[in-house]
Amino acid sequence: DDEGEPRTLSLEELELVPDEGVIPLLTPAVQAVILMRCVNITDASIAAIAETCPYLHLLIVAWCEYITDASIVAIAKSCSKLAWLDVGQCSSLTDASIIAVAENCHGIMRLGVQHCTLTDASIIAVARNSSKLDWLDVSSCSNLTDASIVAVAEKLPNLPTLFLCDCSELTHVSISAVADSCRDLKQLDVSGCLKLTDASIVAIANSCSKLIWLDVSYCSRLTHKSIAAVAGNCRHLWHLDVSDCGLTALPANIGKLSKL
């Protein structure tokens with residue numbers, strides 16, 4: 001009987017904690033494990049979670065760079081109720097991990113894979129299998145191309161949150177697909193997507209009127225035209241980051257925003 005046992009295990013930012021400090025704390029009652037920046041954690045801890053915690057719904061292991069595909073695949077196969085996974089900065093992970101999650105954890109709602117060495121194959125698998133997804137962060141996955149983000153747009157039209165920071169290969173093809181399909185989008189980060197021009201942001205502004213948060217910083221090809229379109233059409237917007245876009249002036253209607 002696990003009644004009364006903790007359902008959350010959080011050792012966040014305890015950088016020195018080893019596997020031996022994690023594994024004895026695991027019980028079948030645990031449903032959420034947060035090990036962000038526990039940089040000494042290895043596959044041993046994650047495999048133990050997979051073996052011990054069948055009802056796991058949240059796993060945050062960002063910055064745990066010793067974790068490999070073997071343990072995340074084990075999580076995917078054993079913890080089918082997983083709804084939130086953040087493996088950002090886990091630089092040893094490949095498509096194998098994320099494809100396993102996509103194929104086994106159909107209730108996934110939040111997925112963070114920022115700074116992972118992924119290709120379009122894994123994100124296309126996520127798009128095809130994760131109909132409940134409402135938060136996707138693929139920031140700094142520099143190998144991704146338009147193909148994966150077009151798939152996300154087409155398969156996940158209700159997605160409200162999408163972070164594409166520093167996905168430097170993306171072009172108007174994918175962002176216009178997001179604009180066409182994801183009309184309920186509320187948060188979008190395309191900062192550092194250097195190939196984007198006004199056409200992409202105007203398309204977003206014209207189609208995604210529910211936007212409340214937009215980051216286009218370091219998109220150096222933008223002009224006042226796209227920013228004016230955002231200010232004019234996205235009436236619920238409260239955060240707009242246009243830093244280092246090279247703009248010499250902001251359009252007059254920018255004052256409608258509550259935060260800039």
Side-chain angles (χ1 to χ4, degrees), residues 62-63 86-91 110-120 122-123 135-153 159-182 185-260:
W63 299 90
D86 188 343
V87 292
Q89 302 280 351
C90 293
S91 55
R110 290 195 168 208
L111 180 62
V113 294
Q114 55 276 23
H115 290 271
C116 291
T117 309
L118 304 179
T119 73
D120 289 333
S122 56
I123 303 307
W135 189 91
L136 178 62
D137 189 348
V138 296
S139 297
S140 297
C141 293
S142 56
N143 294 325
L144 297 185
T145 74
D146 289 327
S148 55
I149 305 308
V150 168
V152 167
L159 186 70
T161 302
L162 181 60
F163 295 107
L164 305 172
C165 171
D166 289 330
C167 291
S168 55
E169 294 302 311
L170 299 185
T171 73
H172 181 63
V173 171
S174 54
I175 305 307
S176 62
V178 170
D180 288 342
S181 298
C182 302
L185 197 66
K186 292 183 177 179
Q187 296 185 81
L188 177 65
D189 185 350
V190 291
S191 58
C193 294
L194 303 179
K195 295 183 179 182
L196 300 188
T197 65
D198 285 335
S200 300
I201 305 307
V202 169
I204 291 290
N206 288 340
S207 298
C208 304
S209 60
K210 296 180 181 180
L211 266 184
I212 61 173
W213 195 98
L214 178 64
D215 190 339
V216 294
S217 57
Y218 297 94
C219 292
S220 55
R221 301 176 70 181
L222 300 185
T223 73
H224 73 283
K225 178 181 178 181
S226 54
I227 308 307
V230 169
N233 294 315
C234 302
R235 302 301 178 91
H236 303 288
L237 199 70
W238 61 266
H239 175 94
L240 174 62
D241 191 340
V242 296
S243 56
D244 291 285
C245 285
L247 299 176
T248 56
L250 294 177
N253 61 349
I254 207 73
K256 295 178 181 178
L257 299 177
S258 59
K259 182 178 183 181
L260 175 62

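On a predicted model such as this, the values are computed, not experimentally measured, just so you know. Starting from 1, each residue takes its place in the sequence as its number.
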Identify the heavy atoms of [X] and [Y] that sit nearest to each other, and give their distance.
{"X": "Cys167", "Y": "Ser140", "answer": "SG-N, 4.2 Å"}
{"X": "Leu144", "Y": "Asp120", "answer": "CA-OD1, 3.5 Å"}
{"X": "Cys208", "Y": "Leu185", "answer": "SG-CB, 4.2 Å"}
{"X": "Tyr218", "Y": "Cys245", "answer": "N-SG, 4.0 Å"}
{"X": "His236", "Y": "Ser209", "answer": "CD2-O, 3.6 Å"}
{"X": "Ser174", "Y": "Ile149", "answer": "CB-CB, 3.7 Å"}

Practice task
Please lay out, stage by stage, how Thr171 and Thr197 fare under the test side-chain contact (heavy atoms from CB on, under 4.5 Å).
Solution key: CA-CA 8 Å; Thr171 73; Thr197 65; over 6 Å; no

Pairwise side-chain contact, [X] with [Y], heavy-atom cut-off 4.5 Å (strictly under):
{"X": "Ile201", "Y": "Leu222", "value": "yes"}
{"X": "Leu214", "Y": "Asp241", "value": "no"}
{"X": "Thr161", "Y": "Leu159", "value": "no"}
{"X": "Val216", "Y": "Asp189", "value": "no"}
{"X": "His172", "Y": "Ser200", "value": "yes"}
{"X": "Leu211", "Y": "Ile204", "value": "yes"}
{"X": "Val138", "Y": "Leu118", "value": "no"}

How long is the straight-line distance from [atom2] of [Y] back to [atom1] of [X], given to the nearest 0.5 Å?
{"X": "Asp137", "Y": "Gln187", "atom1": "CG", "atom2": "CD", "answer": "10.5 Å"}
{"X": "Gln114", "Y": "Leu164", "atom1": "CD", "atom2": "CG", "answer": "12.0 Å"}
{"X": "Leu237", "Y": "Asn233", "atom1": "CG", "atom2": "CG", "answer": "11.0 Å"}
{"X": "Lys210", "Y": "Lys186", "atom1": "NZ", "atom2": "NZ", "answer": "7.0 Å"}

Practice task
Please assess Ser191 against Asp215 for the test side-chain contact (heavy atoms from CB on, under 4.5 Å), listing each intermediate value before the final yes or no.
Solution key: CA-CA 6 Å; Ser191 58; Asp215 190 339; 3.4 Å; yes

Any donor-acceptor pair under 3.5 Å linking the side-chain atoms of [Y] with those of [X]?
{"X": "Asn143", "Y": "Thr119", "value": "no"}
{"X": "Thr223", "Y": "Asp198", "value": "yes"}
{"X": "Asp244", "Y": "Ser217", "value": "no"}

Practice task
Anything under 30° is parallel, anything over 60° is perpendicular, the rest tilted; go ahead and classify Phe163 against Trp135.
Solution key: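 Perpendicular: the ring planes of Phe163 and Trp135 meet at over 60°.
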
